[in-house]
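The analysis underlying the following values was restricted to heavy atoms, covering all of them including side chains, and did not include hydrogens, waters or symmetry mates. On a predicted model such as this, the values are computed, not experimentally measured, just so you know. Just so it is clear: chains get the letters A, B, ... in the order the sequence lines come, proteins before strands, and each one is counted from 1.
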Protein chains: 2
Amino acid sequence: MKKKDIKILLVDDEPDILEIVGYNLSSEGYQISTATNGIEAIAKAKKVKPHLIIMDVMMPEMDGIEACENIRKDSNLANTIITFLTARGEDYSQVAGFDAGADDYITKPIKPKVLVSKVKALLRRLKDDDSNAQIVTVGNIVINREEYKILKDGVEIILPRKEFELLSLLASRPGKVFKREEILDRVWGNEVIVGGRTIDVHIRKLREKIGEDHFKTVKGVGYKYV
Amino acid sequence: MKKKDIKILLVDDEPDILEIVGYNLSSEGYQISTATNGIEAIAKAKKVKPHLIIMDVMMPEMDGIEACENIRKDSNLANTIITFLTARGEDYSQVAGFDAGADDYITKPIKPKVLVSKVKALLRRLKDDDSNAQIVTVGNIVINREEYKILKDGVEIILPRKEFELLSLLASRPGKVFKREEILDRVWGNEVIVGGRTIDVHIRKLREKIGEDHFKTVKGVGYKYV
DNA sequence: GAAAGCAGTTAACACACATTTAATATGATA
DNA sequence: TATCATATTAAATGTGTGTTAACTGCTTTC
């Protein structure tokens, strides 16, 4: 998920806090909405379905704890991460907050850097969730993108980066013919210009390491992994 | 983790306290064991490997602080949460306790409701130990984020902050390759710009201190902890 | 408040090896 | 067979990392 698609709801009764937190997060590229009390927070949460809610504990009308409990009851918001803003040392509110279903705490006074990195850490969960499969299994080959290594018949093989990415691309859709142009685009990047024989050489190395017959040449078009 | 699988060790020299705390927690479904002094506590801790230890500071034979220090040296108990029972206002014991490696405090007189929700909050960490783990054990290395120290084969090693955070990041997902960019983001902070060789130098120091072969270079990509 | 110590960073260079090129061979297709 | 695309090999190039030492602020210490 891209940053600009991530929605954050800020809830605090002090405009200053909304201001500073909002500024820091929106300059990171997140979409920000705000509310100034618990009731408003619940309404906005249902409407915009934020990925993350940062909410003060102490607020007029309805406090953060109550709002949190309320939001937790809405199954549409089950994946929403809720974190409280709390003054350092407000011990009891932390306990109550966790009971209400909070995921984390940010203590006041707020330090922008800490805030931003905490938010990133919290949102990383989302990223990991819907990121494309990091491990692909094709025949007797297991390609582990996360660890940058492959297993061939259970034996670990380390490939240099370009070879790894080329294999990774071809094997991502076994049988599909990738045009040379497309390969250049996706492995090298569209603005990089390399000579005409470069792909061939990498294919050659893969054939040596993985097996001759896995890489079929389609003359005049490109290559496919079988 | 289910409640009935969670083990709590209570340590206090007053039977009344053991009684009341034990009653409240076991009726919540936790598995309770008890000890009446520090020496006994250490023995029981090693034996039952509790998830949480609630321990009085003042005890005959060996006090809680000493017992806590002792328990913290056992890498098998690295994930154990230790919280002290202390009379309200015993300031010094709190400071000494945190030095010894305590995670939290519960003040006497004990209010059952506060006790139970505090215990719940402390144990919540266990639930999501993937994302928020304060203590990571990888092979012969125990990384204790909360206390900013690591144990290698049971020996405490103090690392400077950046080295610690770099190790901590890499070891948080052994095998995963962290891209240089991602490392900069998460250890240095995204707006900080440091020279290209800075990561290398820190990796070098970690290799010296922790072991050459733990840190694999993936050229053109980044590093991984193995 | 000077000296010493430490964490963190930078700079400079070495060096391995990943990547590309160049030159030539092979093979397919019409 | 003539042509064109790919295969193959070795050599050239270049990028990225390793390593050391020096530099910069900070904190600690006396």
Next on the checklist: Just by distance, no angles: are the side chains of A:Arg207 and A:Thr217 close enough, under 3.5 Å, to form a donor-acceptor pair?
Outcome noted: yes
Item to check | Qualifying ring pair (Phe, Tyr, Trp, His ring centres under 6.0 Å) pairs with a residue from residues 179-204 of chain A, counting only residues at least two apart or across chains | outcome: A:Trp188-A:His202
Next on the checklist: Applying ring-ring contact (aromatic ring centres under 6.0 Å, His included), can you list everything that pairs with B:Tyr148, at least two apart in sequence or on another chain?
Outcome noted: B:Phe164
Next on the checklist: For A:Gly196, is there any backbone N or O sitting under 3.5 Å from a side-chain donor or acceptor partner on A:Arg180?
Outcome noted: yes
Next on the checklist: Just checking A:Lys162: does its NZ atom have more than 12 heavy atoms from other residues, nucleotides or ligands closer to it than 6.0 angstrom?
Outcome noted: yes
Checklist outcome for this item: Reading nucleotides 2-17 of chain D from 5' to 3' and marking B where a protein heavy atom lies under 4.0 Å of the base, S where only the sugar-phosphate is that close, and - otherwise, the string is ---BBBBB------SB
Checklist entry - What's the verdict on side chain to side chain contact (heavy atoms under 4.5 Å, CB included) for B:Leu151 and B:Ile157, showing C-alpha distance, side-chain angles and the deciding distance? => result CA-CA 6 Å; B:Leu151 294 178; B:Ile157 299 179; over 6 Å; no
Checklist entry - Got a salt bridge between A:Lys179 and A:Glu181, using NZ or NE/NH1/NH2 to carboxylate O under 4.0 Å? => result no
When the side chains of residues 167-178 of chain A are checked against the rest of the protein, which donor-acceptor pairs come out under 3.5 Å, sequence neighbours left out?
| residue | atom | partner | partner atom | Å |
| --- | --- | --- | --- | --- |
| A:Ser168 | OG | A:Arg145 | NE | 3.4 |
| A:Ser168 | OG | A:Arg145 | NH2 | 3.2 |
| A:Ser172 | OG | A:Leu169 | O | 2.6 |
| A:Lys176 | NZ | A:Glu182 | OE2 | 3.3 |

Checklist entry - Under a 4.0 Å heavy-atom cut-off, which of residues 166-174 of chain A touch DNA chain C? => result none
Item to check | Leading and trailing nucleotides of DNA chain C with any atom under 4.0 Å from heavy atoms of chain A | outcome: C:dA18 to C:dA28
Checklist entry - Parallel, tilted or perpendicular for A:Tyr225 and A:His214, by the 30°/60° rule? => result parallel
Next on the checklist: Assess whether a salt bridge exists between B:Arg186 and B:Glu165, defined as any Lys/Arg side-chain N lying under 4.0 Å from an Asp/Glu carboxylate O.
Outcome noted: no
